[in-house]
Participant: 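Sending over a structure as structure tokens; questions will come in a sec.
The analysis underlying the following values was restricted to heavy atoms, covering all of them including side chains, and did not include hydrogens, waters or symmetry mates. In what follows, chains carry the letters A, B, and so on, assigned in the order in which the sequence lines appear, proteins first and then strands, with residues in each chain numbered from 1.
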Amino acid sequence: MLDIHKIEKKWQNYWEKEKIYKFNQKSKKKIFSIDTPPPTVSGKMHMGHAFSYAQMDFIARYKKMQGYNLFYPFGTDDNGLPTQRLIESEKKVKAQNMKREHFIKLCLTNLVSIRKKYIEDFKKIALSCDYDIFYSTINDHCRKISQLSFIQLYKQGREYRKEAPVIWCPECQTAIAQVELEDKELTTELIDVVFQINKKNIIISTTRPELLVACVAIFVHPNDKRYKELIGKKAAVPLFKFKVPILKDLRVDMEKGTGIVMCCTFGDQTDVDWYKAHKLPLKTALTKDGRMTKLAKKYSGLTIKEARKEIIQDLKKQNLIKKQKQITHVVNVHERCGTPIEFIHSKQWFIKYLDLKKDFLKNGKQLNWYPKFMINRLENWIKGLQWDWCISRQIPFGIPFPVWYCKKCDEVILATPNQLPVDPLIEKPPIKKCKCGSTEFIPEKDIINTWATSSLTPQLAVQLMPKKLWKKLFPMSLRPQAHDIISFWLFNTLVKSQLHYKKNPWKDVMISGWALDPKGKKMSKSRGNVIEPQEIIKKYSADCLRFWASSSKLGEDLPFHEKELVSGKKFIIKMWNASKFVFMHLKDYNIKTKKPKLETIDKWLLSKINKIIKNSTAYFERYEYSKTKADVENFFWNIFCDNYLEIIKDRLYNPKTRGKESRKAAQFTLYTTLLTILKLMAPIMPHITEEIYQQYFKKYEKIKSIHTSEWPKYNAKAIDKKIEKLGDKAIQIVAKARQYKTKNKKSLKTEIILTLEKEKIKELSDFMQDIKAVTNAKEIKQGKFSIKLK
RNA sequence: GGGCCUGUGGUCUAGUGGCUAUGACGUCUCCCUUACACGGAGAAGUUCGGAGGUUCGAGUCCUCUCAGGCCCACCA
């Protein structure tokens, strides 16, 4: 009996042992290179991975069968904040409370086993990567490339270090990038606070009273008649009593609150804009761990929340609050920890790219997008960019900047390329003396943001190969990924490639959707609706999981429905049984002998399968694997099994009446068609197709694995529309006979007497014997169409 | 507020302006036929979210509208 789990394990081992997926460095074949997404190491592969990696693998396997020398690396993304948080939660530690080098060591040690287990999950869904072409974004190879990228871009003048307001996570205590923000709906108090101008009151609404101390200006709209006379005057900030100017700015929304707004350094993005535009002074109210600074006097040391509470109380005491109400509003939080972000003035490294927005839009258009509409996400993102790329992070675990600073003049001292990878905290700078004469240097202790490294994946993978191959492998053929990281990974990779090479990193991009829960909601731990792919594989099989993943169009989200897994399972069993039947009748057949003379029904089938080959190939070329799957599934089940196999039984079982040649013709057609079906389905269901291939076909085909065999070739000569039409008509008669028997509650093997019109008999003369046999007609009479029980 | 996607029988889904609108699951009926009852043969069920329009002809194109989802912006 069919033990699918045993079969899957067996062939996975075989593929690994026989190095079926190995990239051939010496081959002269055309290369197809894939910029495989390095999954963020997170303990377990989740359903979203299984879904989108399977879709990418369909394409990879197809390309391999098309004869490409497939460059299909595998990497893991295991540096930076996500990994730091993983280790913190697994080991129940906090990096901030540990010695830096101890924490880094803890991460690196634990990653070894975590990474290994993690990769196993990807192998279990039969991801056909060449796992020997492997990188981990924290290893020396990647450190070197990432640091070199930094050095090169610095020399290009694309990087700068600047003290400026940056998006800051008080929980993780690091700067973060615009792309790492997420929306979250929170309830808070909106309070109307009284400011004074020469003893006259003005009312300003705010949700951030704790920032009063950092208030540097008050803004009104220039067209707002209510407040025209206020412009240019000064107002006293409540509680703190210092005075700030009242200025005008078009960005003020007259409708919101009282139409007067306070600007603090910094409450939100607009504050930052105003600070820059109006050259306002800087007042730092918050420390990097989210507490009030000394500036806040009696509130100093309190957390944001505590300070807010106390300030509201104090304002109330002095009767400075006119109104107070609960509102829900949407705030930006850090995607990794859900903490509302702050804007904090600090020194960070940036990649300057806001000036290149137009070029990036142009570059994005030059990529071939599958599906096309996904380009909107990239363009939308580029158009909305308002920050240069902040790449420094104030956390311990990651790739260090290869930089020291002169203690005296702050000159940037870069590592030399041959020094890389380097940790400036451990190693010394390449020079002994600064230009200014100083011999003291301060190492940079920030690390490079993980996206600044993972945006180099084409280089990380390609540079694992000998240098002479680099040009052949880059730009890469394909970037497969899911739509949620278009603004992160896709955009960042495009940026780096353009800055380094003035080239796009790939030709095609295929964007897959998400795996959703059965109700169509995003799976998440907090919702408790996570379905684990490991469990599904156990219950069904990897092929079933892939079958499910192939049922959604590229780019579309797919709710997880178990019935699709059941369909996959049935499909596997059906293939197994149909093959068993075919092989039973091929025992005495050798494909290498002379091709027999085909019967018309054989030609009918071959014509149909060739149409499927033609379409399937075109679909795969456009990354529309779901159409291939649907077509092959339909052909296999309805045309091949339910009709052709039934019809030829007569020829197979009764060679005496139908002739030996006729039997051979059926055998030839079975061999060709079944092998074609297997090959068309091999990219989607690699295990069962391999099993069936190995059972019989291998001894004639002489190719080690179905996955290294050739994709079926479309034979235009086999297409015969006339025969197809006639065959379909014959099938219709068979269907009518079946209908008749079913209606009369008779078994399908019941004998009947079939009467057909003279013209029909003449037209379908080639099929008469087949029709007679499959309908079990005792005789076929000439006359008005009818079916009768014998 | 801007952008994108989706809306087809009970459920999920195919559908490139043109014959009777796919297929699957579910439901109902029948059939243990020498590959398969984890099977086979049938049946019922939708008028394509809504309203206009273009066209000889629209689920398919256009406009508006309703509903859901995603991304971005806002977030005083």
Participant: Hey, does A/Asp183 reach any base, or is it just sugar-phosphate, or nothing, if we go heavy atoms under 4.0 Å?
Facilitator: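 The residue A/Asp183 makes base contact.
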Participant: Just to be sure I understand the rule, does A/Gln178 reach a base, reach only the sugar-phosphate, or reach nothing, if contact means heavy atoms closer than 4.0 Å?
Facilitator: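 Counting heavy atoms under 4.0 Å across all strands, the contact made by A/Gln178 is with sugar-phosphate only.
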Participant: What's A/Gln269 touching, base or sugar-phosphate or nothing? Going by heavy atoms closer than 4.0 Å.
Facilitator: sugar-phosphate
Participant: When you compare the side chain of A/Val333 with that of A/Thr339, does any pair of heavy atoms fall below 4.5 Å?
Facilitator: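 When only atoms from C-beta onward are counted, A/Val333 and A/Thr339 do not touch, as no gap falls below 4.5 Å.
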Participant: Measure the acute angle between the ring planes of A/Phe266 and A/Tyr275, then classify it against the limits of 30° and 60° as parallel, tilted or perpendicular.
Facilitator: perpendicular
Participant: Nearest to the A/Glu556 side chain among B/rG15, B/rG3, B/rU6, which nucleotide is it?
Facilitator: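 For A/Glu556, the side-chain atoms sit closest to B/rU6.
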Participant: At under 4.0 Å between heavy atoms, what does A/Val252 touch on the DNA or RNA strands: base, sugar-phosphate, or nothing?
Facilitator: base
Participant: Base, sugar-phosphate, or nothing: which does A/Cys263 touch, judged by heavy atoms less than 4.0 Å apart?
Facilitator: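 The answer is nothing, as A/Cys263 stays clear of every strand by at least 4.0 Å.
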Participant: Let me spell it out: for each of A/Val734 and A/Trp274, pick the nucleotide of RNA chain B with the closest heavy atom. Which residue's pick is nearer the 5' end?
Facilitator: A/Val734
Participant: Which listed nucleotide (B/rC25, B/rG15, B/rC31) is nearest to the side chain of A/Lys570?
Facilitator: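 Of the candidates, B/rC25 comes closest.
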Participant: Look through every strand shown and name the nucleotide pairing with B/rG39 as Watson-Crick or G-U wobble, where both distances are under 3.5 Å.
Facilitator: B/rC31
Participant: Could you check A/Ser551 against A/Ala735 and say which one's nearest nucleotide on RNA chain B is further toward the 5' end?
Facilitator: A/Ser551
Participant: Less than 6.0 Å separating the ring centroids of A/Phe571 and A/Phe547?
Facilitator: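 Yes, the ring of A/Phe571 comes within the 6.0 Å limit of the ring of A/Phe547, centre to centre.
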Participant: B/rG42 phosphate, OP1 or OP2: any side-chain N/O from A/Lys745 under 4.0 angstrom?
Facilitator: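 No.
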Participant: Separation of A/Trp381 atom CH2 from B/rC71 atom C1', in whole Å?
Facilitator: 10 Å
Participant: May I ask which nucleotide in the shown strands pairs with B/rG26, Watson-Crick or G-U wobble, both distances under 3.5 Å?
Facilitator: none
Participant: Could you check whether A/Asp253 gets within reach of a base, just the sugar-phosphate, or nothing at all, counting any heavy atom under 4.0 Å?
Facilitator: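 The answer is base, as A/Asp253 lies within the cut-off (heavy atoms under 4.0 Å) of a base atom.
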Participant: Between P on B/rG26 and CD on A/Glu562, what's the gap in Å once rounded to a whole number?
Facilitator: 13 Å
Participant: Check the angle between the aromatic planes of A/Phe343 and A/Trp387 and answer parallel, tilted or perpendicular using the 30° and 60° thresholds.
Facilitator: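 Rings of A/Phe343 and A/Trp387: parallel, under 30°.
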Participant: Just how far, in rounded Å, is C1' of B/rG23 from CD of A/Glu564?
Facilitator: 11 Å
